[in-house]
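Please read the structure below before turning to the comments.
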Amino acid sequence: MIKLNINKKPIEVDVDPETPLLWVLRDTIGLVGTKYGCGMAQCGACVVHLNGVAVRSCVTKVSRAVGQKVVTIEGLSENNDHPLQKAWMELDVPQCGYCQSGQIMSAAVLLNENKNPTDQDINNAMEGNICRCGTYLRIHNAIKLAAEIQRKDSK
Amino acid sequence: MISFTWLPEAGLAHNAKDIPLPADWNEVTGYIKITSDNIIKIINPNPEFGQNVMTSLPMMVAEELDVEWKKVVVEMGPHDSVKLGPQFTGGSNSMRMYWRPLREAGAAARNMLMQAAAQTWGVPIEEITTKAGMLYHEKTGKSGKYGEFASKAAGIAIPKGVKLKDVKNFKIVRSSQKNVESSKIVSGKPLFGLDYTHEGMLIAMIEHPPAFGMKLKTFDASQSLKMPGIKDVFSMKLYEDGFEQGGFDTRTFNDLLVVVGKTTWEVMQARKKLVVQWEPAGEIKEKIGGRGGAREVIVPGELETSSAQYAKMQEYANKPGQVVRKDGDPETAFKNAAQVIERTYNAPFLAHNCMEPINFFAHVTDEKALVAGPLQAPGWSEPTLAKLLNLPADKIEIQMTRMGGGFGRRAYGHYLYEAAVISKKVKAPIKLIYTREDDMTYGIYRPMYTATYRAALDANKNLIAFSVKGGGIPEHAIHANRFPAGAVDNYLAETWQIPSNITIGAFRAPRSNFNAAAEQSFLDELAEAMGKDPIDFRLELLKRAKEKPVGKNNEYDADRYAGVLKLLKEKSGWGKPENNKYHRGVAAYFCHNSYAGHVVDMVIRNGKPYVERVYSAMDCGIVINPDAATNMVEGAVIDGIGNAFYGKLSHKEGKAEQNNFNRYRVIRHSEVPKKIEVYFVQNDLDPTGLGEPPFPPVFGAVANALYKGTNKRYYNQPFLDPATQNNNTNTNKKTF
Amino acid sequence: MVMKFRSSAFAHLHIFKLANLIFYKLINMSSGKTYFMHTKTFAVISTILSVIVLMSFAIKNEPLNNDPNVVAKDSVASVKAFMDVYKVLMSPRCMNCHPAGDIPLNGDDGHLHSMNPQRGKDGKGISAMKCTTCHQPTNVEGLNQPPGHPDWHLPPANMKMVFEGRTANQLAKQLVNPKTNGNKTIKQLIAHADDGLVKKGWDPGEGRTLPPMSHAEFKQAWITWLNTGAYAPSSK
């Protein structure tokens, strides 16, 4: 049995420790917000946080998550009110929506580390997340808006 | 009757808070359900893949129904061609197809509620008014919620020919409304086919041959069967021999080597332990149905390599093609020309690469079938499904989940059929999953294309003849009746095609997505040779097409086409000196009933071209949801730049050379324009689509901007792949 | 001039001794009997000689290693060994993580790592693309999957240790200079051959070509180069 902590909840799963965290989340636990896009860390749809650090769960073994706090898109906020979620909804970012969990989880790490990211900061941080529908421009603007919301909220 | 199986709770359209589901829905027309508490639910008929039909289509209903949009709940409808219409997402047709039916449904439902109120209150219906979900009889001061009369209304026959609102009085439509699913998307709710679960569900995956033109010989699953979680490994046929395929029944490999297990990872691991022998499939005879009966098609057996295919296309390009349109006497005109300009354009196969890989759920028993997943056209797939399962259509339930991208790929139901036949065989609910590699190498690509354009100028540099000879593997891209046909006295269009075992299918603006690139680059080069401004040149031709059109069946409205160019010229500051620092390229195109144009502003940074700004002008009639429409155009621009720069699916001896995003390059965040300004021509024409029309002209505008930035014309896509630029066959074909 | 650089001083001493020996032999050969030159004259002549010899060495191979552990300086053997070292360090498995820019390289053709992950201040990446976001403690199984090591990183921004674009002369100098080699002594440099990330070059995961010689051969060449004086090949 593998003991995990996912979105602040302890949970035990009976899986091979070599199983990628992505499939444990999706198939075993039923948290399907984290997506499968490529299986080789190229697209970013599978990004989750391990103690606040982004990992691509499609190549991260579940054993690496033991003793770490795992946060998925479902746990990013209690009431869908993380500044990024608010900004995403305000600017109507998604088209098909499939990549957006990963986009938001990547952006969340950026905003944790950089309260006032420049265009270049955002480009550098988000280059690893693919969007086939082409919502990058909206994502970019939503991150800026989220930073603003975050600054206002912290006052 | 509504069944809420796994579908997430319906959310309020406006602020999308989840609400507990009431039990007493009254169905007032197939699209509307109202509870006694006045909760209005509108059913979205068309599957959603990011074009936001889930918001825009219900908006039309809500408008005519006269309810507050923020109180509306939207739900994805099941497949029900009787109640919900054609339900096909593709061809940029959703708005166009449902504009009347949905408005009529809304108006009819409102009328039924008014009748119910009139009956209840014993007053004439002419004295009843409505406002935002309430009914009023002003004379007596009576009022009531729609919900109070819903049950009675549900029993009234649906009236026909109810008067619709004047489009100038819209309160909901023509205003931007937020995406009804946004909150679910950003909080990771189960929405997509890949997220679908069912009690007792197993996972199935198919081990495909490593190359087109190959098939299964033998396999040894002894190691795989020993792996944890694995239930079964077997092979089966998808279609029996002689099966007559419908137009969207395309499939690449008929033998299915299937691994079934408990979880995705376990099945992926077990696949690695398969020991499989593949062999060349050789030539295969297929039966394809169509208007006029079934025809036999021979699928070649050769294992194809891109460089050889490319060379073969150039061979065909130099031979006469099949004439598909001829106006005047182009042969003589070319012979007598003072100047002839000839250019050849090429483009590779493209893979759709929807972010959500191919997948589908199926639960098939002897009596019935439940299938659920991402599918663009359930109606087109149902007949074949019924045939394969030997079940009547009314015993088949098709649920459409949200799709993580479509782009035309998911109009082909082969994966639905595969899931279904596997489920039937293993007698269990299964979800079929393709890995990214399975998906990218399976085919159903955008074809490979070549087109040669020729223009004849007289001594005064007037355009006297124009010809296009287009071909492709396995089909050409030519739209013979499109601009500039109709604008040139002597016009010739020819086509050719080379069959292949590499399967192809609709890819975002089929044919147009190449045509626009080639034709719009050529017009640019032509304008330059004639010493004309590229926009003015096109406007001149369109003027000719309007005032003195050549030939018949010209497939565009010259006024609307010109209108887009004029709007573009104005909004982009075309010709203004402050824009001289940009390398500007322009292109416009008509396809899928809408008109689109772009001005692409490019800069060269560290030797690399970068699109910094784009101006887009669209004429798609009434714009139903302006912000959603803008999002679509932005997406098409970015998608277009990415495919123009990088998109390529090449083959070596039948094997796809790109099988994941490490090799198949797609545009990424830092490469998108800083600004995309989208303008819509304001008119009250019936709405036409936006999913495809803005996409094709992006390629042409990018090519034309590249010319300005590098002083080199780009004839081969992808433009930034050095390998393809070396294949330029135009180096010796200057103007002569 | 003579005492400015440790290395030249030792060289000078070495040449002084050598010159002394040659001179002594010459004197003996010519006169048949022991003849001790006047010390002062001898010192002057040998200094002139050694300067000439030193200068000629400055043009050809430079001894960069004055470590007391050095077994025996041998510029020819040192340079020969370095050419093998150079071959390995400039091969993709090493050079890809020692890029000139701030984005690692990938593949046998050394193309830019897709997604442009940035070096960052500490070489461990930035934001949601830190190296460990994708690179696991061990190689991920499968073709083209991310290789792994518990401490996957690029050199930090203030000590980039660039290999890409370096000539053999430049790289050799860079490698022994503590200011450019991550503050390593010769002893630490020798140990570095067995560093975990260095060894990853020989366990790169499926689909990646190995360096042009085995790790054992590389280590041998590396230590030889260092121990024989860590000479840099001429810049010609």
Side-chain angles (χ1 to χ4, degrees), chain A residues 16-22 37-66 68 71 84 101-115 117-118 120-130 139 143, chain C residues 96-97 99-157 160 196 200 203-208:
Chain A
D16 181 347
E18 302 280 287
T19 311
L21 179 58
L22 173 67
C38 71
M40 64 178 316
Q42 285 280 330
C43 78
C46 68
V47 172
V48 298
H49 301 166
L50 282 190
N51 285 0
V53 174
V55 293
R56 298 200 164 197
S57 59
C58 69
V59 291
T60 302
K61 296 188 179 146
V62 66
S63 54
R64 186 175 165 190
V66 172
Q68 313 263 322
V71 176
L84 286 165
S101 304
Q103 303 278 359
I104 291 171
M105 293 305 278
S106 288
V109 176
L110 170 67
L111 287 186
N112 269 344
E113 298 178 356
N114 186 340
K115 302 299 175 196
T118 62
Q120 191 60 52
D121 291 333
I122 297 172
N123 284 347
N124 288 343
M126 299 304 292
E127 193 78 339
N129 285 79
I130 296 178
I139 290 171
I143 291 174
Chain C
N96 284 357
C97 292
D102 286 326
I103 298 169
L105 309 177
N106 254 189
D108 288 348
D109 60 353
H111 60 268
L112 281 177
H113 187 310
S114 72
M115 303 181 277
N116 295 343
Q118 302 288 320
R119 186 191 295 268
K121 213 161 139 198
D122 58 4
K124 298 188 172 173
I126 54 135
S127 194
M129 272 202 288
K130 304 215 169 56
C131 306
T132 55
T133 296
C134 306
H135 292 274
Q136 307 297 316
T138 55
N139 290 352
V140 175
E141 190 195 291
L143 186 60
N144 297 321
Q145 292 283 3
H149 181 273
D151 191 25
W152 200 266
H153 67 280
L154 287 181
K160 290 197 182 176
K200 272 324 284 193
D203 175 30
E206 206 182 320
R208 299 180 184 101

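So that the names make sense, note that chain A is the first sequence line, chain B the second, and so on, each numbered from 1. Owing to the predicted nature of the structure, the values given are computational and were not obtained by experimental measurement.
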For this session: Give, for atom OG of C:S127 and atom CG of A:N114, the distance between the pair rounded to the nearest 0.5 Å.
Result: 8.0 Å

For this session: Please round to the nearest 0.5 Å and tell me the distance separating atom CG of A:D121 and atom CD1 of C:I126.
Result: 7.5 Å

Seminar exercise, completed: Turns out that what part of C:P137 lies under 4.5 Å from chain A's heavy atoms comes down to side chain

For this session: Measure C:S114 against the heavy atoms of chain A and call it side chain, backbone, both or neither at under 4.5 Å.
Result: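 The side chain, not the backbone.
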
Selection from [options] maximising heavy-atom pairs under 4.5 Å formed with chain C:
{"options": "A:M126, A:K61, A:M105, A:R64", "result": "A:R64"}
{"options": "A:L110, A:L111, A:T60", "result": "A:T60"}
{"options": "A:P20, A:A125, A:G44, A:A108", "result": "A:A125"}

Taking side chain as C-beta onward, heavy atoms only, is [X] less than 4.5 Å from [Y]?
{"X": "A:M40", "Y": "C:V140", "answer": "no"}
{"X": "A:R56", "Y": "C:Q136", "answer": "no"}
{"X": "A:E127", "Y": "C:I103", "answer": "no"}

Exercise. Side chain of C:Q145, backbone of A:G39: donor and acceptor closer than 3.5 Å?
Worked result: yes

For this session: Using modelled atom types only, decide if a donor and an acceptor are shared between the side chain of A:S106 and the backbone of C:A128 within a distance under 3.5 Å.
Result: no

Problem set entry | A:E18, part contacting chain C, at a heavy-atom distance under 4.5 Å | neither

Exercise. Looking only at heavy atoms, what is the nearest atom pair of A:V59 and C:P146, with distance?
Worked result: CG1-CD, 4.1 Å

Problem set entry | Pairs touching residues 135-145 of chain C that satisfy salt bridge (Lys or Arg N to Asp or Glu O under 4.0 Å), sequence neighbours left out |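 Every salt bridge (Lys or Arg N to Asp or Glu O under 4.0 Å) pair that includes a residue of residues 135-145 of chain C, provided the two are not neighbours, is B:K272-C:E141.
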
